[in-house]
J.: 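First the structure, then my questions, so here it is.
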Protein chains: 2
Amino acid sequence: MYAPLLAHIARYVTLTAAEADLLIGYLRRQPVARKELLLAQGQVCPANYFVLRGCLRTYLTTEKGTEQTIQFGIEGWWLTDYASLDSRRASEFFIQAVEDTEVVVFDQQVQEEVFGRLPQLERYFRLILQRAVAASQFRVKLMFSLSGEQRYHHFNALFPEFVQRVPQYMLASYLGFTPEFLSKIRARVG
Amino acid sequence: MYAPLLAHIARYVTLTAAEADLLIGYLRRQPVARKELLLAQGQVCPANYFVLRGCLRTYLTTEKGTEQTIQFGIEGWWLTDYASLDSRRASEFFIQAVEDTEVVVFDQQVQEEVFGRLPQLERYFRLILQRAVAASQFRVKLMFSLSGEQRYHHFNALFPEFVQRVPQYMLASYLGFTPEFLSKIRARVG
DNA sequence: AGCGTTTCTTGAACTAGATTAAGTTTTCCC
DNA sequence: GGGAAAACTTAATCTAGTTCAAGAAACGCT
């Protein structure tokens, strides 16, 4: 049930069976239906979410009423709005399931108690946050170095299955251009 | 000497005087002349850098030979290439002083020993990395929501002194457009 | 102080991607 | 299974920002 999360944690820090049981006592699993929101704009972000199965995305709505996808999270990823989680201020983002999904919910309200009782998790989150910052720097690099078309081909080469899995309009906005432009890119290739 | 760093740490975690002394034993201060590099492309990133005074930037060179600024770090900020620091692989980035600067160097080689002896620093870095991820999400949001000109005005409103402090070509590339375009924006306003 | 280098400005021409509208295809739900 | 909604495609037109070249201003070093 929680095995993928515990396996993920085990890649970074060691938890004894007793500690794993203690942790699980603070978490809960939640199915999230396709298109269901875990966070809506204006809400305070209640938790950090680990994807067991499926896919989440963080997005916001633009002045023009379109959706701008900021981030995806598939199996093995944590997703949240850290600014809102931390500051307890209303989020400007939505977190939504792209497909039927199952997550582990790490409620903000138990966070401090969990870190107090299992301080190795401070290290676990430090390490995954380092990865997240590195990923973010890499993404900024790509945004600035590659044209829209190059970004699509690069992403498609790295994650071809994922590209098939998500709606084209979400992928386009994540990569920084319009769905019409993505149709043109695809038409050019074949 | 190390007071700004210790003050920064004290905002997040508690260190006793003895622990502070222990930490300082692992760090070193380094002056960095304007334009001097702390990291060059192709090197493995050796350390995490805390800015005591001055300003650092992370940049990379484009196919066209121009410099694309990815990030600035002023007083009170940590700057590194986390991907290279972590994986020990060659970095694609440069880290450079924008002006005469003074940093605290937290060498990668002592990192594990420091975390072992001062585990509160796991928490400290987790908390600042959460802030870094939040800042990154916010930046992506601005990149997608605002035009180039709007991004300049927004940034200038938030950091007017900083805007005066750095060369215009660095600011332009950080904000995602050319120096010529920034000149045009400025000409339009006044 | 002067000269060379670097940074900034300006304008014309260009282009990557946006916008808009209309139509097609696919998906979903009753 | 069929109809409505959502997703995708296509093409014409537009635009935010780029490129290029040339010149001006500021800076740094001797």
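In what follows, chains carry the letters A, B, and so on, assigned in the order in which the sequence lines appear, proteins first and then strands, with residues in each chain numbered from 1.
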J.: Rounded off to whole Å, could you give me the OH-to-P distance for the A/Tyr169 and C/dG17 pair?
T.: 22 Å
J.: Give me the bend of the helix from C/dA1-D/dT30 to C/dC30-D/dG1, using the axes of the five pairs at each end, rounded to 10°.
T.: 60°
J.: What protein N or O atoms touch nucleotides 18-21 of chain D N or O atoms at under 3.5 angstrom, if any, and at what distances?
T.:
from, atom 1, to, atom 2, distance (Å)
D/dT18, OP1, B/Thr178, N, 3.4
D/dT18, OP2, B/Thr178, N, 3.0
D/dT18, OP2, B/Thr178, OG1, 3.0
D/dT18, O4, B/Lys184, NZ, 3.2
D/dT19, OP1, B/Lys64, NZ, 2.9
D/dT19, O4, B/Lys184, NZ, 3.2

J.: Rounded to the nearest angstrom, tell me the gap between atom CD in A/Glu149 and atom C1' in C/dA18.
T.: 16 Å
J.: Looking at B/Ala47, is its backbone amide N or carbonyl O close enough to the side chain of B/Asp107 to form a donor-acceptor pair, meaning the two atoms are under 3.5 Å apart?
T.: no
J.: Find the distance between CD (A/Gln137) and CD (B/Gln71) and round it off to the nearest 0.5 Å.
T.: 5.5 Å
J.: Regarding A/Arg126 and the six-membered ring of B/Phe115, is the cationic atom NZ or CZ under 6.0 Å from the ring centre and inside 45° of its axis?
T.: yes
J.: Rounded off to whole Å, could you give me the CG-to-C1' distance for the B/Leu182 and C/dT9 pair?
T.: 11 Å
J.: Please work out whether the ring planes of B/Phe72 and B/Phe162 are parallel, tilted or perpendicular, with thresholds of 30° and 60°.
T.: perpendicular
J.: Using the ring pair (Phe, Tyr, Trp, His ring centres under 6.0 Å) rule, pick out the option among B/Phe155, B/Tyr152, B/Tyr59 that qualifies with B/Tyr174.
T.: B/Phe155
J.: When the distance from CD of B/Gln168 to C1' of C/dT9 is rounded to whole Å, what number comes out?
T.: 9 Å
J.: According to the interplanar angle, ranging from 0 to 90°, do the rings of A/Phe177 and A/Phe181 count as parallel (below 30°), tilted (30 to 60°) or perpendicular (above 60°)?
T.: perpendicular
J.: Between D/dA7 and A/Lys35, is there an OP1 or OP2 to side-chain N/O distance shorter than 4.0 Å?
T.: yes
J.: For B/Phe144 and D/dA16, give me the distance from atom CZ to atom C1', rounded to whole Å.
T.: 16 Å
J.: Can you measure A/Arg165 atom CZ to D/dA7 atom P for me and round it to whole angstrom units?
T.: 17 Å
J.: If you pin B/Arg34 and B/Ser147 to their nearest nucleotides in DNA chain D, which one's is more 5'?
T.: B/Ser147
J.: Atom CG of A/Leu146 to atom C1' of C/dA16: distance rounded to whole Å?
T.: 14 Å
J.: More than 12 heavy atoms of other residues, nucleotides or ligands under 6.0 Å from CD of B/Glu161: yes or no?
T.: no
J.: Nearest whole Å is fine: how far is C/dC8 P from B/Arg188 CZ?
T.: 18 Å
J.: Name the one of A/Tyr12, A/Phe106, A/Phe50 that satisfies ring pair (Phe, Tyr, Trp, His ring centres under 6.0 Å) with A/Tyr124?
T.: A/Tyr12
J.: Rounded to the nearest 0.5 Å, how far does CG of A/Leu129 lie from CZ of B/Arg131?
T.: 12.5 Å
